S.K.: 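A single structure is presented below for examination.
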Amino acid sequence: MQDIAVIEDPAAAEVSLDPIRARLLAELSEPASATMLAAKVGLPRQKVNYHLKTLEAHGLVEMIEERRKGNVNERIMRATAASYVISPAALASVEPDPARSPDQLSAGWLLAVAARLVRDVGALIAGAAKARKRVATFAIDTEVRFASAADRAAFAQELARAVTTLVSTYHDQSAEHGRDHRIVVAVHPSMKETR
């Protein structure tokens, strides 16, 4: 089971968003049969089995074991990932594009950049999984409390200068076997977790 999977297929995204199927995916972080799930979610086994087959057809659950129980074969299923993210690629025709409104101070632009990040990293993870390799990434996630809007603006300017300096130090356009990397730095107000 993967820790996180990115759903790029529109049909798989639609399947995963159904409330019953989303609940089954959550329950299947631990292996279970349709009978076991039916008891947990309060649905008939046949209905659970129907939803499981749909989830399996879209690669969201997998059979990990089949065992004989009385006169039937019981399929033990498990989610293919502990959590899922739907890539903007699933809505390709309306996918956000940072180039449409490149205003670095706009929340909409930040969301479009974040959507591109999800799409790109999702594709990298999928490609790396097929090649049985790891993706070289790096991220920083921290919080800062500004005393004023002026301090926030000064921080943004200083951060931009520091990143520009680092990029100019290490960027080598002439490196024949070099590989381009995207750098995304974002600053936004923190949200309180509501779980």
Side-chain angles (χ1 to χ4, degrees), residues 1-32 51-64 77-143 159-160 163 166-167 170-171 175 177-195:
M1 174 190 288
Q2 300 174 53
D3 181 44
I4 187 168
V6 179
I7 299 171
E8 294 182 336
D9 176 50
E14 182 180 358
V15 163
S16 72
L17 291 173
D18 176 88
I20 293 171
R21 293 177 184 144
R23 170 104 191 267
L24 293 175
L25 280 174
E27 293 291 343
L28 285 171
S29 62
E30 297 293 325
H51 289 299
L52 288 177
K53 287 182 188 217
T54 303
L55 289 166
E56 185 178 24
H58 291 283
L60 300 171
V61 300
E62 61 191 354
M63 183 179 72
I64 59 164
M77 307 297 287
R78 178 181 67 188
T80 54
S83 58
Y84 299 88
V85 173
I86 297 176
S87 171
L91 296 170
S93 60
V94 292
E95 178 180 359
D97 181 2
R100 275 199 288 265
S101 57
D103 173 5
Q104 291 182 308
L105 300 177
S106 158
W109 186 76
L110 175 57
L111 197 55
V113 169
R116 181 181 59 199
L117 180 67
V118 169
R119 183 199 66 208
D120 291 355
V121 174
L124 287 167
I125 289 170
K130 286 179 187 169
R132 297 184 184 263
K133 293 186 176 184
R134 293 178 51 134
V135 180
T137 62
F138 171 75
I140 296 173
D141 182 21
T142 190
E143 291 190 21
L159 181 61
V163 171
L166 272 171
V167 168
Y170 290 97
H171 180 68
H177 299 293
R179 183 169 184 188
D180 291 340
H181 285 69
R182 181 170 302 281
I183 299 168
V184 175
V185 178
V187 177
H188 64 82
S190 298
M191 299 291 294
K192 299 284 186 227
E193 294 218 12
T194 58
R195 288 187 185 187

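These numbers were taken from a predicted model, which means no experiment stands behind them.
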S.K.: Would you give the length of the straight line joining atom NZ of K53 to atom CG of L55, rounded to the nearest 0.5 angstrom?
M.R.: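 Rounded to the nearest 0.5 Å, the NZ-CG separation comes out at 12.5 Å.
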S.K.: Does T80 reach the main-chain N or O of L60 with its side chain, forming a donor-acceptor pair under 3.5 Å?
M.R.: yes
S.K.: So how far is it from L124 CG to R119 CZ, rounded to the nearest 0.5 Å?
M.R.: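 The CZ atom of R119 is 10.5 Å from CG of L124, to the nearest 0.5 Å.
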S.K.: Hey, are the side chains of V85 and I4 touching, using non-hydrogen atoms and a 4.5 Å cut-off?
M.R.: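 Contact flag for V85/I4 side chains = yes.
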S.K.: Between S87 (side chain) and V118 (backbone), is there a donor-acceptor pair under 3.5 Å?
M.R.: no
S.K.: Give the minimum heavy-atom separation between P10 and A90, together with the two atoms involved.
M.R.: CG-O, 3.3 Å
S.K.: Start with the C-alpha gap between L17 and I86, add the side-chain angles, then the distance that decides, and say whether side-chain contact (heavy atoms from CB on, under 4.5 Å) holds.
M.R.: CA-CA 10 Å; L17 291 173; I86 297 176; 3.7 Å; yes
S.K.: About how many Å separate OG of S16 and CD of E14, when rounded to the nearest 0.5 Å?
M.R.: 9.0 Å
S.K.: Shortest non-hydrogen contact from A11 to H58?
M.R.: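 What the structure gives for the nearest pair is CB-CE1, 3.6 Å.
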S.K.: Got a second to check how far M63's CE is from R78's CZ, nearest 0.5 Å?
M.R.: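 The distance works out to 12.0 Å.
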S.K.: Just verifying a value: how many Å separate L52 CG and M77 CE, rounded to the nearest 0.5 Å?
M.R.: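 Interatomic distance, L52 CG to M77 CE, rounded to 0.5 Å: 6.0 Å.
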S.K.: Rounded at 0.5 Å granularity, tell me how far CE in M1 sits from CD in E62.
M.R.: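 Rounded to the nearest 0.5 Å, the CE-CD separation comes to 7.5 Å.
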S.K.: Where do A81 and A5 come nearest, in terms of heavy atoms and distance?
M.R.: CB-CB, 3.6 Å
S.K.: So do the side chains of D18 and T54 get within less than 4.5 Å of each other, counting heavy atoms only?
M.R.: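 The answer is no, as the side chains (C-beta and beyond) never meet within the 4.5 Å cut-off.
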S.K.: Using a cut-off of 6.0 Å, state whether more than 12 heavy atoms not belonging to D3 lie near its atom CG.
M.R.: no
S.K.: So do the side chains of L111 and P96 get within less than 4.5 Å of each other, counting heavy atoms only?
M.R.: no
